[in-house]
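Atoms considered below: every heavy atom in the structure, side chains included; atoms not considered: hydrogens, waters and symmetry mates.
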Amino acid sequence: MDPTRTKLVLFAVSAGIAGFAGAWFAVVNSPITNFSAPPMLGLIWLAVAVTFGIRRPGGGAGGIVFSVLPVVLVGIGGDWGSPWDALPDGLRQIIGSAEIAALLFGLGAISLAREPDGVLTQTTRGLRDRRLARAARERDRVGGSPESSDEAPDRESLPPQARATPVTSVPKEAARKAAAPGEVPILELREVCAGYGEVEVLHGLSLQVAAGEVVAVLGANGAGKSTLCGVIAGTVGTRSGRVIFEGTDVTDMAVHLRARRGMLLAPEARGIFPGLSVDDNLAVRLRTETARRQAQQRFPILADRHNQTAELLSGGEQQQLAMAVALADPPGLFLADEPSLGLSPMATISVFEALAEMNDRGTALILVEEQAGSALELADRVVIMDLGRITWSGPADEVDLDRLQEAYLGR
């Protein structure tokens, strides 16, 4: 779908609805004066919208509830008789007051801190969690295996040692058997030129990556490192040259088709869906319960915060969420664009340990990183870029420090 066209259509429709509603408001409340829309009423409506969710269709029920709730409260407070006569007079006066509805919606809006999508979403997810917990207890009772179900596991039922157990890895030497000399490299770039608009960023760049190899791409800002990742993953089109993956020309292949073939990109922006919960992020990318459980076992924080919106995670936790998918189902080639950007030292260590584990399981890595020290510790080979060209390439233990200083410091 075309996102620009979709946004414009939605904006036009919503503006039309607002204009139509405003016209009817004027007809019903004519004449319109500066007292027709008091600011306090607008604040109450805002609280109603936030309480019921401003990003979900169910939020439309807020208008109905706002209209009906005051009538119900006034009825309970005085107009209606039995069985409400049994309530204390003081409580009935509070319930029937004109401010109680606004107070309730204000308190409901406070729940925004716990569930940004509103009370309806919070209730729905609570019901889902209880349903999944009952399903997990039923499986335990009948002796079934959780891995055989497509439902999410009951996280609280997982013992601590199970939640912290990493997924099984393969020794790196065994994974490297596919990278024997003379075999077709897993990735090959042939004289690639690419850029944005009239600006060309990559100028005839060529590169080969063997299966199971870790290639660190170093260079200063503006050297073209992120553009290189975009060209490989398909998010940036090529002007000339070819991109070959596992012996197949994927130059004109769509991004999602490249991903299906085993080529995944973790961009600088973490590569997650910030508006979805942790569970939903995992479910979008991992279709089996076994894979999702492996991801949560590798990063227990994802199980602890399974119901939290991804955008509310810390930077390190978001990066773990992005990488958990690849660790649960290792691709043939993983592109990590600035994986330590904005992370604390401890989070950076965790991310690089995950990258090393992924490589141990046979995944080839292209690591774009400005922290040269961390990249050199993990890399088998280093590529130094400057102004869209590769100026040096060689084994990590033979890095040309003069070239490295020239790339970063301009010497």
Next item on the list: Kindly determine whether Ser277 and His306 satisfy side-chain contact (heavy atoms from CB on, under 4.5 Å), including the steps that lead there.
Entry: CA-CA 7 Å; Ser277 68; His306 66 98; over 6 Å; no
Next item on the list: Decide side-chain contact (heavy atoms from CB on, under 4.5 Å) for Lys225 and Glu338; before the verdict, give the C-alpha distance in whole Å, the side-chain angles of both, and the deciding distance to 0.1 Å.
Entry: CA-CA 9 Å; Lys225 306 186 299 294; Glu338 301 287 358; 4.1 Å; yes
Note to self: Before you tell me yes or no, could you show the steps for Asp337 and Ser226 under side chain to side chain donor-acceptor pair (under 3.5 Å), namely the whole-Å CA-CA distance, both residues' side-chain angles and the distance that decides it to 0.1 Å?
What the structure shows: CA-CA 6 Å; Asp337 190 2; Ser226 294; 2.8 Å; yes
Notebook entry, point to check: Leu189 and Leu228: side-chain contact (heavy atoms from CB on, under 4.5 Å), yes or no, with the steps?
Noted result: CA-CA 10 Å; Leu189 273 63; Leu228 172 64; 3.4 Å; yes
Margin query: If you apply the rule side-chain contact (heavy atoms from CB on, under 4.5 Å), what do you find for Leu207 with Leu205, and how did you get there?
Written below: CA-CA 7 Å; Leu207 177 67; Leu205 187 145; 4.2 Å; yes
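Evaluation of the salt bridge (Lys or Arg N to Asp or Glu O under 4.0 Å) test over residues 239-256, restricted to residues two or more places apart or in two chains, returns Arg242-Asp249.
Among residues two or more places apart in sequence or in another chain, the side chain to side chain contact (heavy atoms under 4.5 Å, CB included) test is passed with Glu317 by Ile301, Arg305, Leu313, Ser314. Checked against side-chain hydrogen bond (donor to acceptor under 3.5 Å, both in side chains), Ser393 has the following partners two or more places apart in sequence or in another chain: Arg381.
For Ala295 against Leu282, the heavy-atom pair with the smallest separation is CB-CD2, 4.1 Å. Heavy-atom minimum distance, Pro331 versus Gly262: CB-O, 3.5 Å. Here the closest non-hydrogen pair linking Asp380 and Gly212 is OD2-O, 4.1 Å. Of all heavy-atom pairs spanning Ala194 and Val231, the tightest one is CB-CG2, 3.5 Å. Considering all non-hydrogen atoms of both residues, Ala310 and Asn281 come closest at CB-ND2, 3.6 Å. Closest non-hydrogen pair, Ala379 versus Ala216, comes out as CB-CB, 3.6 Å.
Counting only distance, with no hydrogens or angles, the side chain of Gln308 and the backbone of Leu312 share a donor-acceptor pair below 3.5 Å. The backbone N or O of Leu333 sits nowhere less than 3.5 Å from a side-chain atom of Thr363 that would complete a donor-acceptor pair. Distance alone, capped at 3.5 Å, is enough to place a donor-acceptor pair between the Glu213 side chain and the Ala210 backbone. Under the 3.5 Å distance criterion, the side-chain polar atoms of Arg261 are left unmatched by any main-chain donor or acceptor of Val250. Side chain of Thr251 to backbone of Val243: a donor-acceptor contact under 3.5 angstrom is found. For Arg292 (side chain) and Leu286 (main-chain N/O), a donor-acceptor pair under 3.5 Å exists by modelled atom type. For Asn359 (side chain) and Leu355 (main-chain N/O), no donor-acceptor pair under 3.5 Å exists by modelled atom type. A donor-acceptor pair under 3.5 Å is absent between the side-chain atoms of Ser30 and the main chain of Val27, judged by distance alone.
By the 4.5 Å heavy-atom criterion applied to side chains, Val383 and Trp392 are not counted as neighbours. Leu187 places a side-chain heavy atom less than 4.5 Å from the side chain of Ile232. Residues Glu311 and Leu276 are not in side-chain contact: their nearest non-hydrogen atoms beyond the backbone lie 4.5 Å or more apart. Residues Phe334 and Leu367 fail the side-chain proximity criterion, which asks for heavy atoms closer than 4.5 Å. Residues Phe273 and Asp280 are not in side-chain contact: their nearest non-hydrogen atoms beyond the backbone lie 4.5 Å or more apart. Using a 4.5 Å heavy-atom threshold, the side chains of Val368 and Cys229 count as touching. When side chains are defined from C-beta on, Pro185 does not count as touching Val209, because their heavy atoms never get closer than 4.5 Å. Side chains of Met385 and Leu202 form a contact here, defined as non-hydrogen atoms less than 4.5 Å apart.
For Arg293 and Thr288, the side-chain atoms include no donor-acceptor pair closer than 3.5 Å. No side-chain donor-acceptor contact under 3.5 Å links Thr391 and Asp386.
Taking OG of Ser206 as the reference point, atom CD of Glu191 lies at 4.0 Å (rounded to 0.5 Å). One distance of note links CD of Gln319 with CZ of Phe299; it measures 9.0 Å at 0.5 Å rounding. Remark: Ile186 CD1 to Met263 CE distance equals 8.0 Å, nearest 0.5 Å. The distance from atom CG of Leu8 to atom CZ of Arg5, rounded to the nearest 0.5 Å, is 9.5 Å. The structure places CD of Gln208 at 8.0 Å from CZ of Arg190, a figure rounded to the nearest 0.5 Å.
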